[in-house]
Undergrad: 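What follows is a structure written as structure tokens; I'll ask about it next.
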Amino acid sequence: MGMRIGYGFDSHAFKAGVPLVIGGLAIEHSEGLAGHSDGDVLLHAITDALLGAVSAGDIGTFFPPSDPRWKGAASSLFLQTALEEVATAGYKIVNIDTVLVMAKPKIVPIAGELRESVAALLGVKPGEVGIKAKTPEGLNQDHVAVAHATVLLESLGIPEPVGAMVASADVDDEIDVVVKTLVGDSRDVSALGRKVTPFDTDDLT
Ligand code: MG
């Protein structure tokens, strides 16, 4: 059985006057995270882990911060695109593990809620999502939120000729039909198309 791993990292500075959103969850706090989007540091790290696992570039490839369309965007949109890339490549999530590093707010009291939120966004069970928290001891980063994420994927078991076609990703319409046939309509792949934007690691989202 084919398996792949992915890893993602992100960081955002805290900023007064914006809401704090982590893992798709609105969190009561005196400051939010600065960013072109909603600054959801955890979803950005998970998005990059998913994209990396199927060699599909990174979050900046799909959502360049230079594009005004993504200003203030909900990061669940970025995550959805990464999930579509994973399905198109013929894989599904086995489990995901994450680490959040920030001085405040304390994550442990809301870790259960965060796990539920992230699991719902990923379409997996809460038991397949790990949320861990650290304080940035000795790093002098008390005004920054950092997130790390790893993901394990397993192949959907697409037969070789079809798998090869999906992997080549030449004909988007045919791929959509194949993916819908194999994984059903649980995820909307109609807007798919492996983007051919230039590879860009510059992520300010
Ligand atoms: Mg980011």
Side-chain angles (χ1 to χ4, degrees), residues 5-86 93 96-107 110-111 113-115 117-123 129-136 139-151 153 194-195 197-205:
I5 60 166
Y7 170 75
F9 165 90
D10 197 27
S11 65
H12 283 256
F14 279 96
K15 177 185 177 184
V18 296
L20 179 60
V21 181
I22 297 177
L25 193 67
I27 298 169
E28 198 67 39
H29 191 55
S30 56
E31 298 180 304
L33 294 172
H36 187 64
S37 66
D38 64 5
D40 193 327
V41 67
L42 180 57
L43 292 194
H44 294 181
I46 294 171
T47 297
D48 265 358
L50 290 167
L51 291 174
V54 293
S55 299
D58 66 13
I59 196 168
T61 311
F62 292 85
F63 305 100
S66 55
D67 190 332
R69 281 181 299 169
W70 316 125
K71 182 160 180 54
S75 296
S76 53
L77 172 69
F78 307 159
L79 190 68
Q80 186 61 36
T81 296
L83 288 171
E84 289 166 356
E85 287 296 314
V86 167
I93 295 171
I96 185 161
D97 194 18
T98 68
V99 181
L100 284 163
V101 186
M102 64 190 73
K104 287 189 285 188
K106 292 297 180 194
I107 296 300
I110 58 169
E113 263 187 285
L114 270 176
R115 190 167 58 239
S117 175
V118 170
L121 289 170
L122 291 172
V129 175
I131 302 281
K132 306 189 303 298
K134 311 289 283 184
T135 50
L139 293 175
N140 196 25
Q141 293 180 349
D142 284 0
H143 214 60
V144 175
V146 169
H148 301 261
T150 56
V151 62
L153 307 180
R194 298 180 75 83
K195 284 69 177 176
T197 50
F199 188 80
D200 178 8
T201 57
D202 204 14
D203 168 31
L204 297 176
T205 52

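This one's a predicted model, so the numbers in the text were calculated from it and none came from an experiment. First listed ligand is number 1; within each ligand, the first listed atom is number 1.
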Undergrad: The criterion is side chain to side chain contact (heavy atoms under 4.5 Å, CB included); which residues satisfy it with Ala45, sequence neighbours excluded?
TA: Asp10, Ala147, Ala149
Undergrad: For the Mg ion (ligand 1), what is the closest N, O or S atom on His12?
TA: NE2
Undergrad: Taking the N/O/S atoms of His44 one by one, which is nearest to the Mg ion (ligand 1)?
TA: ND1
Undergrad: If you count heavy atoms of other groups shown closer than 6.0 angstrom to CD1 of Ile5, is the number above 12?
TA: no
Undergrad: Please list, chain by chain and in numerical order, all residues satisfying salt bridge (charged side-chain N to carboxylate O under 4.0 Å, His left out) with Asp142, sequence neighbours excluded.
TA: none
Undergrad: Below 2.8 Å, any N, O or S contact between Asp10 and the Mg ion (ligand 1)?
TA: yes
Undergrad: Take atom NZ in Lys132; do more than 12 heavy atoms of anything else shown fall under 6.0 Å from it?
TA: yes
